[in-house]
Amino acid sequence: MSEAEIVAGILWLALTAYAVLAGADFGGGVWDLLAKGARARDQRRAVAEAMGPVWEANHVWLIFMIVGLFTGFPAAFGILSMALYLPFTIALVGIVLRGAAFAFRAHGREAVGDASAWGVAFGAASVIAPFFMAAGAAAVASGAIHVSGGRLVSGFEAGWATPYGALVGLFALAMCAYLAATYLTVETEGTPLESDFRRRAAAAGLVAGAAAIASLLVAPFAAPSLAGSLFGRGLPLLILALVNGPIALVAVWRSRPRIARFAVALQVTFVLWAWAVGQWPHLVPPDMTIADAAAPDATLTPLLVVIGIGMLLLLPSLWLLFRVFKARNPAAIY
Amino acid sequence: MCESSVGDGGAIRGMDNVTLARATMGTSLGFHIVFAVLGVGLPLLMMVAEGLWLKTKDDVWLSLAQRWSKAFGILFAVGAVSGTALSFELGLLWPRFMAFSGAIFGLPFSAEGFAFFIEAIFLGLYLYGWNRLSPVAHWLASIPIAVSGALSAVFVVMANAWMNSPSGFHLDSAGRLLDVDPLAAALNASTPTEDPHMLVSAYVVTGFLVAAVYAVGLLRRHEDQLHRRGLILGMAMAAVAIVLAGITGDTSARFIYQAQPAKFAAMEGLYQTVRGAPIHLGGIPIDSQHRVVGAIEIPDLLSLLAALDPNAEVRGLDTFPSNDRPNTIAVHLSFDAMVGFGILIGLAAALFWLLCIRRRRIPMWRPLLWLIVVSGPASVVAMEAGWFVTEFGRQPWIVYGILRTSEAATTAPALGPTFLVFFAIYIGLALTTARLLLLQARRNRAAA
């Protein structure tokens, strides 16, 4: 493997961590927005307690990906920033509002209540951000972004402002909600909230499953190159996802929260890696490969050194964070 | 009759992408930098206060650390999301700049990513760990926050310094990158002067803002130990840092005299190349008349300060083609604002510590407390003005001498709405942050 491929693999791992961890934080916002029934307040509090100590650290995976992408693959960063200017800007608005609103609510509850503008912004922004990030990802995965002579030639709407982009956005949003509700069944184990979140997890899981199957079925027509990836080199991982999906749902439904948490997180991982392996060695298919977009080795080598040293500091710190705040859940996989 | 294009957003629609991208980036940076400097300085104060509590078992120190921790919970989150906006906007607004520069100056950004990671992780432990960690473990968690906060600033400013002194690469005749050396880029010629100056400025602003908060309380006759110690800690940080800011600012200016003569000439509003150049205090530079109107002129001082020689030659703006000059008014007035407010707050700190030492207690002289209250916002203005000097002074270049800002902006549509949306968001964030911090202060008083 070349250094560029190693860096690309690391960035994809970071994307996986972001999806599995921060995805659940966005999903928490979804359940905050949809909280209802006699325990609506308690549901919101459970979301806030679960997110409080960890959401900022989870969010940094996104920063890591961005700086890693522009250092390691500056050409791809430039092209993606152009092609996805609109969805990324909208997602960014969501990211900014979500984070600020969460902190305002957590540290100023008397002034910024659940029903205040910021209270609602937390949930609404948690819907917007993953939806538009995933719509942007759909543009990449479906090979809609075309580059010629280093210039973007496919315009600013290609691949995401389409029904297929919306379908993938919906799938990602449902996965976030699914992750969150499943994690929350572990966090609230043994309380009445557990069954609230179990039902929500099952509902989100069904929506996500339906969206996944729909997007697979229409992929050959709407996104042929993605279909080629998933049914080609990505097929083994796709099959794993198709097998694991029902297992996860059954574990949710049968109240096996720890197994369910593991299986749902694994589901996200299978989907992301089926996509990655499927489009390998392209970074922005069909015109830009990992090698095309890569910085020179003179940059990649020190970047790998920085990442290595950084991980030596980061991973024990992350372990400590989750150990302190998720210690009720010794089987925690994150 | 109604065909005039004046209407809602008409002015915005008339602006080109470069102007809109600069407006959006400038707004984002100007907003973020206030939270960023508090993210550098406040953890250090929290660490000191909590450490003093562990050492003395005096609960006043603990109260200070806890109050700062609560405020920091909001400030850090706003800083984190506005910093995220910036990392996106680097690409969204300046895709050609990033495609060109990423491989050269990305390394310090990557290191900054890890510093931010560590800061966020230990902040989670710190904010939510008051009851879960032992007192010593909790205090220990503040150390990585303070250290990585400072390192974040150091790494990010390295990248900005590279934009001022691009190095660590060559370009062939076709404009392709050769011989990329990211380490040399990170340690470019501007780094040794720009980095320390920004870092100490972060402590200047934090120190004066914290001191101003407690000076307000003391003026309202809350003359308890907590307010006195809050004031003392803030003024201690402020006093040390403002001296260092003066020293590092001086070396920065002399470096710019050597390395970026156009920026230096604009800072001083110097149009003609002369020996024994004067300093212009205040005044409005008028490009068409090649002079500064209404300034106080001190002969030879600029040459003396720049080169330690009253007869040294200083290059004037007229020697640069007009499309290679920065905006003289913006740079000159920003520079004078930075220096002027810097001197004002420096005098406030000097007066405070002089009276402290002479009277062997904290001075409660109301005019001095008022001066400290004013010094809080004045330190923010000085810091922002300094940032304006760096950024406006580098123009028209985004990478000095290599890539023009006008060539780097995106061609994407809808930059006008982007600017308006983010402008509105930052106003909303600022207002709510202020409202919640005031609420915390009221709650603290009620609990005391």
Side-chain angles (χ1 to χ4, degrees), chain A residues 52-57 59-60 62-64 66-75 77-82 85-86 88-89 92-93 95-100 102-104 106-108 110-112 118 150 156 295-296 298-299 302-303 306-307 309-311 313-314 317-318 320-321 324-325, chain B residues 70 73-74 76-78 80-85 87-88 90-92 95-96 98-104 106-107 109-114 116-118 120-125 127-129 132-133 144 177 179-183 410-414 418 421-422 425 429 432 435-436 439-440:
Chain A
V54 296
W55 74 272
E56 280 174 306
H59 167 75
V60 186
L62 178 66
I63 309 287
F64 177 82
I66 290 176
V67 297
L69 191 65
F70 73 57
T71 310
F73 304 97
F77 185 73
I79 289 298
L80 292 176
S81 294
M82 290 277 276
Y85 175 84
L86 293 167
F88 279 5
T89 299
L92 180 59
V93 169
I95 289 166
V96 170
L97 291 180
R98 189 284 302 249
F102 183 84
F104 290 158
H107 302 283
E110 312 96 304
V112 181
W118 283 112
F156 298 99
T299 299
L303 176 62
V306 166
I307 291 174
I309 296 170
M311 286 293 171
L313 296 169
L314 171 65
S317 308
L318 270 180
L320 181 67
L321 178 72
V324 168
F325 293 107
Chain B
K70 276 186 199 142
I74 296 173
F76 182 81
V78 176
V81 295
S82 55
T84 305
S87 65
F88 269 91
L90 281 174
L92 293 174
R96 288 174 197 160
M98 292 308 289
F100 171 76
S101 312
I104 315 168
L107 206 60
F109 275 115
S110 306
E112 193 271 342
F114 282 105
F116 182 29
F117 240 134
I118 300 291
I121 289 169
F122 283 93
L123 186 69
L125 285 162
L127 289 182
Y128 291 85
R132 285 183 185 243
L133 300 170
L177 275 182
D179 307 326
V180 174
D181 181 350
L183 219 57
T410 184
T411 51
T418 304
V421 166
F422 276 95
I425 287 175
L429 292 180
T432 307
R435 188 159 65 97
L436 294 185
L439 182 82
Q440 283 186 352

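So that the names make sense, note that chain A is the first sequence line, chain B the second, and so on, each numbered from 1.
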Asks: With chain B, which of A75(A), G68(A), S317(A), A106(A) has the greatest number of heavy-atom pairs at distances under 4.5 Å?
Replies: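 Looking at each of A75(A), G68(A), S317(A), A106(A) in turn, S317(A) comes out on top.
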
Asks: Considering non-hydrogen atoms only, spot the tightest contact between H107(A) and K70(B) and give its length.
Replies: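 Minimum heavy-atom separation between H107(A) and K70(B): ND1-O, 4.3 Å.
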
Asks: Considering all heavy atoms of both residues, which atom of V81(B) and which atom of G99(A) are nearest to each other, and what is their separation?
Replies: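 So the minimum-distance heavy-atom pair works out to CG1-CA, 3.8 Å.
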
Asks: So which atom in V324(A) and which in R132(B) form the shortest heavy-atom distance, rounded to 0.1 Å?
Replies: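 V324(A) and R132(B) have their closest heavy atoms at O-NH1, 3.0 Å.
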
Asks: With a 4.5 angstrom heavy-atom cut-off, is it the side chain or the backbone of F76(B) that approaches chain A, or both, or neither?
Replies: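 Both backbone and side chain.
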
Asks: Quick check for you: to the nearest 0.5 Å, what is the distance between F117(B) atom CZ and H59(A) atom NE2?
Replies: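 With rounding to 0.5 Å, CZ (F117(B)) is 10.0 Å from NE2 (H59(A)).
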
Asks: If you count heavy-atom pairs within less than 4.5 Å of chain B, which of A103(A), G310(A), G72(A) leads?
Replies: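 Most heavy-atom pairs within the cutoff with chain B belong to G310(A).
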
Asks: So for T411(B), is it side chain, backbone, both, or neither that comes closer than 4.5 Å to the heavy atoms of chain A?
Replies: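 Both backbone and side chain.
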
Asks: What is the minimum heavy-atom distance between Y128(B) and F325(A), and which atoms define it?
Replies: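 Looking at all heavy atoms of both residues, the closest pair is O-CE2, 3.3 Å.
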
Asks: Can you tell me which of L313(A), L80(A), L97(A), I63(A) forms the most heavy-atom pairs within a distance under 4.5 Å of chain B?
Replies: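 Most heavy-atom pairs under 4.5 Å with chain B: I63(A).
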
Asks: Only pairs of heavy atoms separated by less than 4.5 Å count here; which of L320(A), L86(A), V67(A) has the most with chain B?
Replies: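 Ranked by heavy-atom pairs under 4.5 Å with chain B, first place is V67(A).
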
Asks: Would you call V96(A) and L429(B) a side-chain contact if the rule is heavy atoms closer than 4.5 Å?
Replies: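 With C-beta onward as the side chain, the pair touches.
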
Asks: Check each atom of F114(B) against the heavy atoms of chain A and say whether the ones under 4.5 Å are side chain, backbone, both or neither.
Replies: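 Just the side chain, heavy atoms under 4.5 Å.
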
Asks: Looking at every non-hydrogen atom in both residues, tell me the closest pair between Y85(A) and A412(B) and how far apart they are.
Replies: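 It is CG-CB, 3.5 Å.
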
Asks: Distance check, rounded to the nearest 0.5 Å: L107(B) atom CG versus T71(A) atom OG1?
Replies: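 With rounding to 0.5 Å, CG (L107(B)) is 7.0 Å from OG1 (T71(A)).
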
Asks: Is chain B contacted by the side chain of V306(A), its backbone, both, or neither, given a heavy-atom distance below 4.5 Å?
Replies: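 V306(A) touches chain B through backbone and side-chain heavy atoms alike.
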
Asks: Taking side chain as everything from C-beta outward and backbone as N, CA, C, O, which of these in L92(B) sits under 4.5 Å from a heavy atom of chain A? Side chain, backbone, both or neither.
Replies: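 It is both, since atoms from each part get that close.
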
Asks: Would you mind checking which part of L123(B) comes under 4.5 Å of any heavy atom in chain A, side chain (CB onward), backbone (N, CA, C, O), both or neither?
Replies: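 Interface part for L123(B): side chain.
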
Asks: Distance check, rounded to the nearest 0.5 Å: L90(B) atom CG versus I66(A) atom CD1?
Replies: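 If I round to the nearest 0.5 Å, the distance is 9.0 Å.
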
Asks: With only heavy atoms counted, which part of P413(B) is less than 4.5 Å from chain A, the side chain, the backbone, both or neither?
Replies: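 Interface part for P413(B): both.
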
Asks: Below 4.5 Å, heavy-atom pairs only: which of D181(B), I104(B), V180(B) has the largest tally toward chain A?
Replies: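 Most heavy-atom pairs under 4.5 Å with chain A: V180(B).
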
Asks: Check each atom of F104(A) against the heavy atoms of chain B and say whether the ones under 4.5 Å are side chain, backbone, both or neither.
Replies: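 Looking at F104(A), backbone and side chain both touch chain B.
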
Asks: Could you go step by step and tell me if I121(B) and L314(A) meet the side-chain contact (heavy atoms from CB on, under 4.5 Å) rule?
Replies: CA-CA 9 Å; I121(B) 289 169; L314(A) 171 65; 3.5 Å; yes

Asks: Tell me, out of G113(B), G91(B), A80(B), G83(B), who's got the most heavy-atom pairs with chain A below 4.5 Å.
Replies: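 Option with the top pair count is G91(B).
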
Asks: Just verifying a value: how many Å separate F77(A) CZ and M98(B) CE, rounded to the nearest 0.5 Å?
Replies: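 That separation rounds to 5.0 Å.
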
Asks: In Å, rounded to the nearest 0.5 Å, how long is the span from OG of S110(B) to CD1 of I309(A)?
Replies: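 One gets 12.0 Å once the value is rounded to the nearest 0.5 Å.
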
Asks: Heavy-atom pairs under 4.5 Å with chain A: which of L439(B), T84(B), T418(B), I425(B) has the most?
Replies: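 Top option by heavy-atom pairs under 4.5 Å: T84(B).
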
Asks: Hey, what do you get for CH2 (W118(A)) to CG (L436(B)), rounding to the nearest 0.5 Å?
Replies: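 So the CH2 of W118(A) and the CG of L436(B) are separated by 9.5 Å.
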
Asks: Please look at L177(B) and chain A and tell me whether the side chain, the backbone, both or neither of the residue comes under 4.5 angstrom of a heavy atom of that chain.
Replies: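 Neither part.
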
Asks: P53(A), P296(A), G78(A): which one forms the most heavy-atom pairs within less than 4.5 Å of chain B?
Replies: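 Ranked by heavy-atom pairs under 4.5 Å with chain B, first place is P53(A).
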
